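This report refers to the structure that appears directly beneath it.
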Number of protein chains: 2
Amino acid sequence: MPKPQSHERPYHHGDLRRAIVMAALEILHETQSLEFSLRELARRAGVSHNAPYKHFADKRELLAAVSAAGFETLTKRMAREIVGLDNARERLFAMLRAYIDHGVENPALYSLMFGGHLSGPERSRPAIERAEAEKTKALLAGVIVAGGLGRAIPHISRNERKIAGAILACWSLVHGLTLLLADGLVGPKKKSGALGDSLVQGILDGLAVELPALPPGTWIGPQGS
Amino acid sequence: MPKPQSHERPYHHGDLRRAIVMAALEILHETQSLEFSLRELARRAGVSHNAPYKHFADKRELLAAVSAAGFETLTKRMAREIVGLDNARERLFAMLRAYIDHGVENPALYSLMFGGHLSGPERSRPAIERAEAEKTKALLAGVIVAGGLGRAIPHISRNERKIAGAILACWSLVHGLTLLLADGLVGPKKKSGALGDSLVQGILDGLAVELPALPPGTWIGPQGS
DNA sequence: TGCGTCATGTTGACGATGGCAACTTTATAT
DNA sequence: ATATAAAGTTGCCATCGTCAACATGACGCA
């Protein structure tokens, strides 16, 4: 029985690291600001200000772990949203909707995941989150290929570049829209689902994009919700 | 003659504020990291660590000013790239290319401009940069409308939503692609121009997106350059 | 000319932060 | 049972953002 782990503190702490990451997600969700202190996380977890250093070499590594957790929940959410859907196009839309919602509901986390807060002086991101990000990407790519152009472009190796281009286009579009919404640069956020559907529909059908009904002039400017 | 402003220090300092912002842009370009200190900027400008507070209430306000400067140079760069071009489509491509290049060449600055580093606990961004961002958006919107669908969709008020949708789609696509490239999530960066052209072409023509020639498998994964 | 005022820059201090080193406590393996 | 490694603690340091008080120069007005 390696982990009794009841609500008391069985031995030293039980499972710090997870506690720290969860505290970070909590505070991120509460304050919607990236400027929290390592020490505050330690306080929340009920440990001393240096305990986290036994699990993370750096603050950057801690942030990377939080980002990885964000990717993980994103992947799970997208996967959950498409179970039971047969139509490939429906699956694509449901997934992208989940993607956008995840970002819009949690702007600070999304900003942490993609805002480049991690790529300091060196080039590469920490490997921990890299792996998680790849899983997310893989799920995205699969559903995009199936739903976006499964019939239009046969999946033979000749068309690889075309397929890669479609994935990139779709991802870029959704990524950009999510950030614009999360930043409040376009809005209102409540319509994000409809906006996303319209845009993806548009990119799939060619540029016959028509926005859903919105009060004219509100889609751009101060954040709406 | 209100400002002799030679390379000596005529009186107090001459033109701090600009010096501070430029120092920030410098250090941003050098280190590609957002984690610089107000004090270091002051050091670079040759003033004491509290001098900046006479020009910026806050560090956040300082960052906002830097972001605004980023928007300004972006706008100028895009405008410069399209002078002399008649064909509306050419103008669109040149402008978007400039947009993407600006982001890719200066990831930290782009991240500051769009990464949500500013929206702390409160909602709205500082007004200083808001104005500058609006100018950028206006230029973008104009050229997109002219080049993207000037002929396809007549610019009567009936089609307003359609037009807004096209702008949003185009901006989202380019914004997302720029961030993906800047973050090194897709690459290589050197091909960013071609990638952008392809994607925009694709969104304009419908989803017949074909990427330019790249070594297969390199377009996604560790950053290429 | 002299003087007051305001903008600008300086000095010094405070609390908090990220990170290091040294020490203590618990779990596990031999 | 005892050594060893893992996990947590205390104390410390340089630095950071910010505040308050003070100094210095420029400019308007007598």
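Quick caveat: nothing in here was measured; it's all calculated off a predicted structure. First the proteins, then the strands, lettered A, B, ... as listed; each starts at 1.
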Between P of D:dT18 and CD of A:E35, the distance in whole Å = 9 Å
Could you check how far NE2 of B:H55 sits from P of C:dA7, rounded to whole Å?
-> 12 Å
Length of the line joining B:I27:CD1 and D:dC16:C1', which is rounded to integer Å | 14 Å
Check every strand shown and say whether A:H49 touches a base, only sugar-phosphate, or nothing at a heavy-atom separation below 4.0 Å.
-> base
Could you tell me whether the phosphate oxygens of C:dG9, OP1 or OP2, come under 4.0 Å of any side-chain nitrogen or oxygen in B:S48?
-> no
Can you check the B:R44 CZ to C:dG9 P distance for me, whole Å?
-> 19 Å
So, B:E30 and B:R44, do they make that salt bridge, N to O below 4.0 Å?
-> yes
Whole-Å distance between D:dA7 P and A:R18 CZ?
-> 14 Å
For the side chain of A:K54 and the base of D:dG8, is some donor closer than 3.5 Å to an acceptor across the two?
-> yes
More than 12 heavy atoms of other residues, nucleotides or ligands under 6.0 Å from CD of B:E40: is that the case?
-> yes
Looking at B:F71 versus B:F114, is the centre-to-centre ring distance below 6.0 Å?
-> yes
Give a yes/no answer on whether the side chain of A:S37 brings an N or O atom under 4.0 Å of OP1 or OP2 in C:dT17.
-> yes
Looking only at C:dG19, D:dG8, D:dT18, the nucleotide nearest the A:K59 side chain is C:dG19
Atom-pair distance (CG on B:L62; P on D:dG17), nearest Å = 9 Å
Residue A:R39, side-chain heavy atoms: nucleotide from C:dG19, D:dT9, C:dT11 that is nearest | C:dG19
Of all the nucleotides listed (C:dG18, C:dG9, D:dG8), which has the minimum atom distance to the side chain of A:L38?
-> C:dG18
Kindly check if the number of other-residue, nucleotide or ligand heavy atoms within 6.0 Å of NZ (B:K59) is above 12?
-> yes
OP1 or OP2 of C:dA16 sitting under 4.0 Å from any side-chain N/O of A:R43?
-> no
Side chain of A:Y53 only, please: which of C:dG9, C:dG19, D:dT18 is the nearest?
-> C:dG19
Under 3.5 Å, side-chain donor or acceptor atoms of residues 104-113 of chain A against the rest of the protein: list the pairs with distances, not counting sequence neighbours.
unit_1: A:E105; atom_1: OE1; unit_2: A:R77; atom_2: NH1; d: 3.1
unit_1: A:E105; atom_1: OE1; unit_2: A:R77; atom_2: NH2; d: 3.4
unit_1: A:E105; atom_1: OE2; unit_2: A:R77; atom_2: NH2; d: 3.1
unit_1: A:Y110; atom_1: OH; unit_2: A:Y99; atom_2: OH; d: 2.8
unit_1: A:Y110; atom_1: OH; unit_2: A:H175; atom_2: ND1; d: 2.6
unit_1: A:S111; atom_1: OG; unit_2: A:H117; atom_2: NE2; d: 3.2
unit_1: A:S111; atom_1: OG; unit_2: B:G115; atom_2: O; d: 2.4

